**Q** 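This is the structure I want to talk about, given as structure tokens.
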Amino acid sequence: MSDKTITFTIDEVEVKARPGQTIMEAADEAAIYIPRLCSLKGLSPFGACRVCTVLVNGRPQSSCTQPAAPGIVVENASERLHDIRQDIVEMLFVEGNHFCMFCEKSGNCELQAMGYRLGMMEPKYPRLWPRRELDASHPDIFIDRDRCILCARCIRASREQDGKHILGFLGRGPHKRVTPDSSDGLVQTDAAVADAAVAACPVGSLMRKRVGFGIPIGQRKYDHRPIGSDIESGAEVPDERK
Amino acid sequence: MDETLKKAVEEICQARGNDAGAMMDIVRQVQARFRGVSEEAIDLIAAQCHVPRVDVAGVVSFYAFLSTASKGQVVIRLCDDVIDRMYGAVAIAEAFSHELGIEMGQTTPDGKITLEWAPCMGLSDQAPAALVNDVPVTHLSTDKARHLIQSLRRYMDPSRLVERLGDGNNAHELVGAMVMNNVRKVGPVIFAPLGPGEAMKKALAMSPAEVIRDVKTARLRGRGGAGFPTGIKWEFTRAAAGSKKYVLCNADEGEPGTFKDRVILTEQPDLLAEGMAIAGYAIGADEGILYLRAEYAYLRRFLEQVLQRRREAGLLGKDVCGKKGFNFDIRIQMGAGAYICGEETSLISSCEGTRGDPKNRPPFPAQKGYRGCPTVVNNVETFCCAARVLEKGAGWFAQLGSPGSAGTKLLSISGDCLRPGVYEVEFGIKLTEVLRMAGGQEAQAVVVGGPSGQIVSAADFERPICYDHLATGGSLMIFGPQRDVLEIVEHFLDFFIEESCGYCTPCRVGNVLMKERVARIRSGKGELADLGYLERLGQTIKTASRCGLGQTSPNPMLSTLRKFRSAYDSRLVQQAGPFQSAFDIQAALAQAKEVQGRASVLFSGERHHR
Amino acid sequence: MPGEKANPKAPANVTAGKKPAKAAGVQKKAASAAAPKTQPLEMVQPAAAAAKPKPKIATVSMAGCFGCHMSLLDIDERILKLVELVEFNKSPIDDIKVFTSRCAIGLLEGGCCTDENVHNLQEFRKHCDILVSVGDCATMGGVPAMRNMITLKECLDEAYQNGPTVYNPKNLMPNDPEIPLILDRVYPCHEVVKIDYLLPGCPPSADTLYAAITALLFGEPLKLPYELIKYD
């Protein structure tokens with residue numbers, strides 16, 4: 001690395017970063033996993049889910065948006081942060097209607113995998129059971145808002161990778177929801193089944209039709225290895241879509 | 001295709017150069033003209049401005065004053081602030097509903113009048129209050145509410161509802177409001193007179209670096225609540241790369257119980273304009289934007305005239321005050337009803353014509369703000385203080401107040417007191433002294449800094465008001481011994497739930513969960529373990545939320561857990577058993593009883609199963 | 001060991017290092033727990049010493065599909081060992097209808113969707129030292145909770161009156177007093193009575209169930225491998 005290399009620590013382990021890298025990017029390259037949901041390699045950082053919250057010199061920051069800086073002391077794998085991340089993941093579970101037992105994404109779902117990794121048996125919070133609308137208007141893709149975690153990965157992937165804008169957000173607060181770029185369902189947009197937007201969904205919300213349950217139990221992505229294992233094993237920084 | 005709509009939308013967009021950056025103005029104008037921004041209008045705007053229609057729809061759905069559904073010709077927004085509730089807002093809502101034959105949130109079948117709740121509109125010292133279109137109506141009673149509807153039915157003219165004009169510039173022909181300033185204590189910084197250009201001339205005689213030095217020497221800190229040193233903010237912005245820079249004034253005074261900026265805008269707009277121009281000179285900006293909350297739209301024409309007068313006097317525009325090469329002008333950007341836009345990066349998003357989501361930091365506005373350019377965002381009162389620093393000198397300013405908190409502070413005082421209104425006090429004043437001035441000595445609790453601040457009890461009344469002790473952006477709400485602290489907490493949580501932008505998980509979901517558990521405790525079904533649950537939940541929301549809204553929304557709950565513990569303890573189930581106290585079998589069976597017409601054999605409803 | 005559970009090298013959730021409970025803590029804990037526990041099972045002390053009579057287990061299936069009971073039977077030959085260790089009391093396995101003695105462990109399958117379920121749950125809480133919600137229906141409502149987003153009336157109308165496959169010329173709604181009354185929604189068991197442990201899964205695998213039950217019986221720290229905790 002050049003003399004511009006930034007050196008800092010994550011949980012007392014020295015980590016190097018290039019200027020412009022975020023804490024998360026530097027951690028990934030150092031085979032240190034920081035849990036995350038709304039972050040996806042190749043998309044602009046968003047900072048919405050807050051699962052990747054770390055303490056930077058004692059101050060909470062989302063590591064997907066926070067630049068690495070010389071000498072910073074980052075706390076990641078502490079009990080306190082584990083509890084906060086578990087709380088956040090549990091919030092996402094109770095906010096929507098997540099029925100893992102019949103979800104096509106089960107086993108390949110990042111939210112579910114994060115629940116496993118963080119030791120969630122069942123959220124400590126009461127489920128809110130919101131009534132949300134399904135959009136099955138498109139011949140090849142459906143939007144199941146019950147499962148949406150508002151991470152905006154589809155929205156960003158569509159704009160940044162597909163060169164489209166098939167989706168956006170409507171409403172605010174608990175009423176916030178993903179909506180297609182039309183007043184009449186996803187079918188009225190130029191969404192296509194091969195869009196990066198579809199592959200970017202971490203949960204079973206934006207899904208291809210007619211491919212459910214394609215992979216047998218036992219061979220799914222997170223059946224045997226926790227989410228983040230690939231980063232920890234020092235493998236190539238993963239793209240969760242693959 | 002509605003040709004009238006098409007033509008109008010095209011005109012509105014073209015008048016702004018089909019610039020999506022002016023989206024707030026565009027949608028506001030379409031809303032005003034057609035009482036709503038219909039799906040069709042959204043399509044037209046999107047086509048005209050070359051942006052995705054979903055982005056236009058996203059903006060319309062974000063702001064409370066905008067709607068896709070058509071609203072009434074007149075919209076009555078009744079203030080849902082906790083103070084207004086204390087003073088009978090619910091009875092007034094009932095009177096409105098009864099008189100109109102509709103519920104809150106509905107529009108009369110003839111499409112004439114819409115009735116809504118709205119969060120604090122900056123009139124807590126003259127509660128209960130409402131906005132009828134842009135016209136504020138204060139000190140409502142059920143009788144007045146009935147007369148108001150009768151007048152509207154007859155004339156459909158909100159301006160006829162102004163019974164008498166308020167004090168000061170509220171009586172100005174361009175304001176014409178029944179709002180009262182209620183300035184109870186005048187101090188040397190904000191409410192002292194200022195000759196035209198007096199502060200600016202002194203500033204322009206110095207170099208920008210010297211101006212910044214003076215603001216730093218004066219130890220001026222932001223008056224909006226966060227308290228960041230103003231001089232340092234200006235210095236960062238000045239040092240940031242870029243030839244185009246902006247000065248943004250945050251007049252989105254949305255913190256419930258705060259109304260002091262309204263009074264500054266009414267009485268001291270020149271002082272504000274001088275402060276903004278001085279900031280522009282200091283950082284090298286030629287454009288200032290005054291972001292005015294939609295609730296204060298009734299002040300807009302007046303403020304436009306003030307700006308125009310200043311342009312004519314050479315105090316804005318080209319070569320300001322004769323200073324060659326210093327050009328600076330101010331324009332007004334209207335908001336559309338969103339508390340979150342008082343957060344500085346949300347305010348920038350809104351100015352840029354998008355949803356009022358906060359931005360990721362870094363980059364900070366001083367580096368990359370409005371339209372990607374270095375931007376200073378300060379509160380109305382902060383700019384006024386800065387102007388006074390330059391007029392009277394940094395030393396003069398720094399000797400006011402307390403060591404860590406120089407100068408004076410405007411307090412907006414409301415609630416259970418004899419003299420609600422605006423007080424300019426020196427920092428360091430004890431809360432007891434403030435309560436004495438306002439005639440609120442009976443207070444059980446004082447909300448310092450609004451819902452995002454803290455709720456303190458008598459044990460804290462001897463503490464001083466300043467950045468290091470009882471910090472406040474200006475809101476002081478007083479609650480007498482008859483008030484229920486948990487009701488206040490629950491009300492504030494309702495406020496945060498509605499005003500959260502929904503961007504990040506902890507704030508979007510966590511506030512809903514906090515409210516559920518506080519309500520459970522209030523209903524007498526909470527258990528001791530619920531207090532630990534709330535404490536952990538509150539800390540997670542504070543720690544993990546993305547912006548100041550979520551980082552502070554647990555404060556009312558957390559501060560009362562400490563200072564008013566008995567309000568919680570006394571409502572807990574005293575001897576919790578092996579069954580869940582919160583589970584109510586009769587409530588769970590209510591629907592079945594209705595549908596099936598029989599009662600439970602196992603749970604007759606008479607015996608308490610425990 | 002603080003921080004152990006967050007160690008990314010050992011993310012298998014159930015190895016989390018929580019403080020072991022005191023010997024007498026189990027029963028007391030059961031009565032004071034307000035929120036469902038998500039901690040591992042290792043804190044449980046032996047339900048019975050070797051010399052004493054066999055500890056008793058009760059089971060029930062409420063708003064569930066009996067799949068969790070089937071999964072319990074899937075422990076294959078280990079069932080012989082289990083029968084050596086415990087005695088079943090009220091349970092569909094032995095068809096004992098009412099509690100005849102106090103039980104060490106109650107295994108709950110299914111969510112709570114009728115007044116009868118509520119009654120059953122309360123009986124289990126009264127008669128069992130430790131209650132375990134077994135499976136997704138018991139822990140979160142499961143498939144029956146799909147109705148939780150709609151009102152009971154809409155639900156019954158769809159089932160008996162307006163549904164596309166309904167043939168009901170007399171427009172009757174089943175309403176015999178013998179039929180339990182349906183609650184407004186399906187409740188997870190821990191929202192009705194206090195529950196000591198939660199085991200998600202649809203169903204939890206036989207290995208998961210066997211490991212959990214034996215751990216509860218022996219008070220051993222349960223270190224379920226990553227593969228054994230699943231929500232599906």
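This structure is a prediction, so every number in the text was calculated from the model and none was measured. Reminder, nothing fancy here: chain letters follow the sequence lines and each chain counts from 1.
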**Q** Could you tell me which of E39(B), K359(B), E499(B) has the largest number of non-hydrogen atom pairs under 4.5 Å with chain A?
**A**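 Counting heavy-atom pairs under 4.5 Å, the top option is E499(B).
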**Q** Under the side chain to side chain contact (heavy atoms under 4.5 Å, CB included) criterion, do I497(B) and K515(B) qualify, and how do the steps go?
**A** CA-CA 9 Å; I497(B) 289 168; K515(B) 142 99 190 185; 3.7 Å; yes
**Q** Quick one: what part of A338(B) sits under 4.5 Å from any heavy atom of chain A, side chain, backbone, both or neither?
**A**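 Contact with chain A: backbone and side chain both.
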**Q** If you tally heavy-atom pairs under 4.5 Å against chain A, which of G356(B), S500(B), P52(B), P506(B) wins?
**A**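 When all of G356(B), S500(B), P52(B), P506(B) are compared, P52(B) has the most.
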**Q** Distance-only, no hydrogens or angles: does the D195(A) side chain make a donor-acceptor pair with backbone N or O of V198(A) under 3.5 Å?
**A**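 Looks like no, no N/O pair under 3.5 Å.
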**Q** Give the member of G168(A), C151(A), P60(A), S183(A) that has the highest number of heavy-atom pairs under 4.5 Å with chain B.
**A**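 Highest number of heavy-atom pairs under 4.5 Å: S183(A).
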**Q** Please say which of T543(B), T540(B), T505(B) ends up in a side-chain hydrogen bond (donor to acceptor under 3.5 Å, both in side chains) with D87(A).
**A**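 Of all the options given, the one that passes is T540(B).
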**Q** Tell me whether the centres of the aromatic rings in Y339(B) and F495(B) are closer together than 6.0 Å.
**A**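 For Y339(B) and F495(B), the ring centres are under 6.0 Å apart.
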**Q** Report which part of L167(A) has an atom under 4.5 Å of a heavy atom belonging to chain B: side chain, backbone, both, or neither.
**A**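 Backbone only.
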**Q** Are there over 12 heavy-atom neighbours, none belonging to R80(A), within less than 6.0 Å of that residue's CZ?
**A**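 It does not: R80(A) CZ has 12 such atoms or fewer within range.
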**Q** Given heavy-atom pairs under 4.5 angstrom as the criterion, report whether the side chain, backbone, both or neither of Y63(B) touches chain A.
**A**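 The backbone, not the side chain.
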**Q** Answer with side chain, backbone, both or neither: which region of R355(B) has an atom nearer than 4.5 Å to a non-hydrogen atom of chain A?
**A**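 Looking at R355(B), just its side chain touches chain A.
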**Q** Output the option from R59(A), H175(A), R159(A) having the highest count of non-hydrogen pairs under 4.5 Å with chain B.
**A**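 Counting heavy-atom pairs under 4.5 Å, the top option is R159(A).
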**Q** For each of P174(A), P45(A), G171(A), tally heavy-atom pairs with chain B at distances under 4.5 Å, and name the one with the top tally.
**A**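 Most heavy-atom pairs within the cutoff with chain B belong to G171(A).
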**Q** I need the L81(A) CG to L118(A) CG distance, nearest 0.5 Å.
**A**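 Answer for the CG-CG pair, L81(A) versus L118(A), is 11.0 Å.
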**Q** Any chance you could measure Q31(B), atom CD, to F65(B), atom CZ, to the nearest 0.5 Å?
**A**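 Atom-to-atom, Q31(B):CD and F65(B):CZ are 10.0 Å apart.
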**Q** Return the option, out of C507(B), G58(B), G510(B), G502(B), with the maximum number of heavy-atom pairs under 4.5 Å with chain A.
**A**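 Highest number of pairs under 4.5 Å: G502(B).
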**Q** Go through the atoms of A64(B) and report whether side chain, backbone, both or neither lie under 4.5 Å from a heavy atom of chain A.
**A**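 It is both, since atoms from each part get that close.
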**Q** Compute the ring centroids of Y503(B) and F46(A), then answer whether they are less than 6.0 Å apart.
**A**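 Here the rings of F46(A) and Y503(B) have centres that are less than 6.0 Å from each other.
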**Q** Non-hydrogen atoms of chain A under 4.5 Å away: do they reach the side chain of S545(B), the backbone, both or neither?
**A**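 Backbone only.
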**Q** Using non-hydrogen atoms and a 4.5 Å limit, figure out which bit of L513(B) sits close to chain A: side chain, backbone, both or neither.
**A**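 Interface part for L513(B): side chain.
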**Q** Looking only at the side chains, is there a donor atom on one of S62(A) and T65(A) sitting less than 3.5 Å from an acceptor on the other?
**A**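 Side-chain D/A pair, S62(A) to T65(A): present.
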**Q** Given that the side chain runs from C-beta out, which part of V51(A) has a heavy atom under 4.5 Å from chain B: side chain, backbone, both or neither?
**A**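 Neither part.
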**Q** So for I42(B), is it side chain, backbone, both, or neither that comes closer than 4.5 Å to the heavy atoms of chain A?
**A**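 Neither; nothing under 4.5 Å.
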**Q** Walk me through it: do I521(B) and D530(B) pass the test side chain to side chain contact (heavy atoms under 4.5 Å, CB included)?
**A** CA-CA 8 Å; I521(B) 293 169; D530(B) 290 325; 4.2 Å; yes
**Q** What part of I166(A) gets closer than 4.5 Å to chain B, counting heavy atoms only: side chain, backbone, both or neither?
**A**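 I166(A) has no heavy atom closer than 4.5 Å to chain B.
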**Q** Does any heavy atom of chain A fall under 4.5 Å from the side chain of Q551(B), the backbone, both, or neither of them?
**A**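 Neither part; nothing is under 4.5 Å.
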**Q** Can you find a pair of side-chain heavy atoms, one from K16(A) and one from I6(A), that are under 4.5 Å apart?
**A**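 Heavy-atom side-chain distance check fails, nothing below 4.5 Å.
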